[in-house]
Amino acid sequence: MKFFVDTADVDAIRELHALGMVDGVTTNPSLIMKSGRDILEVTREICDLVEGPVSAEVVATEAEAMIAEGRKLAAIADNIAVKVPLTWDGLKACKALTDEGKMVNVTLCFSANQALLAAKAGATFISPFIGRLDDLNLDGLDLIEDIRTIYDTYGFDTQILAASIRSANHMSDCAKLGADVATAPPAVIHKMAEHVLTDKGLAAFLEDAAKAGIKIV
Ligand code: E4P
């Protein structure tokens, strides 16, 4: 499973990238707002840092305007994936932009039917939002499983990009279910390294190392 980082914080991306944890980046208007930076400027900086796909989201709601914004975003760098919402106009923009050879990430997906339409429209990525479904007491992971089954049954190339990830468990669950990509905030990726038994075991080893006077360098 590929790891995308769900942030527009360049320093956080740089740190994870140095560890080989970044196969791509996703942003959205809320994350751009949080960064306090200009969308074109910060997106260019991220594209210079990361080789993989960098999702940048349109803000228009009509297809023609989305296509114009998508072209402008795609001109930033070759690794831009234009992010469009899963509306009827978004699907039109997806078809037009993928026909031009651009990568498109169809976002705000909450049902298997929506994922089916995005694949038919040629989406490069579909972004089912797990956490926001969980917030409504629905099971976001069921959606990942359903989309995996449908895409595999019919051989769709669209990659499942699990989004709205809120916990380390979401990451391993998505990996088990066969998501192609999971995009997570930096804090969740850090959390994946943690285990209480690792901390406990290390404390015991360090105590014994001190008692034994072990010195390596
Ligand atoms: C990623 O593409 C999405 O924009 C993001 O994962 C949404 O996450 P949230 O539901 O935590 O805002």
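Read the numbers this way: they start at 1 and go in the same order the structure lists the ligands and their atoms.
With contacts defined as side-chain heavy-atom distances shorter than 4.5 Å, the pair Thr98/Met103 does not qualify. A 4.5 Å side-chain heavy-atom check between Leu138 and Phe110 finds every atom pair outside the cut-off.
Listed here is the closest heavy atom pair of Lys83 and Thr27: NZ-O, 2.9 Å.
Crowding of Asp38 atom CG: a count of heavy atoms from other residues, nucleotides or ligands under 6.0 Å exceeding 12.
Contact residues for ligand 1 (protein heavy atom closer than 4.0 angstrom to any ligand atom): Asp6, Thr26, Asn28, Lys83, Phe129, Arg132, Ala163, Ser164, Arg166, Thr183.
Judged purely by distance below 3.5 Å, without hydrogens or angles, the side chains of Thr183 and Thr26 pair a donor atom with an acceptor atom.
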Residues 195-211 side chain polar contacts: donor-acceptor under 3.5 Å, at least two apart:
{"residue": "His195", "atom": "ND1", "partner": "Leu197", "partner atom": "N", "Å": "3.0"}

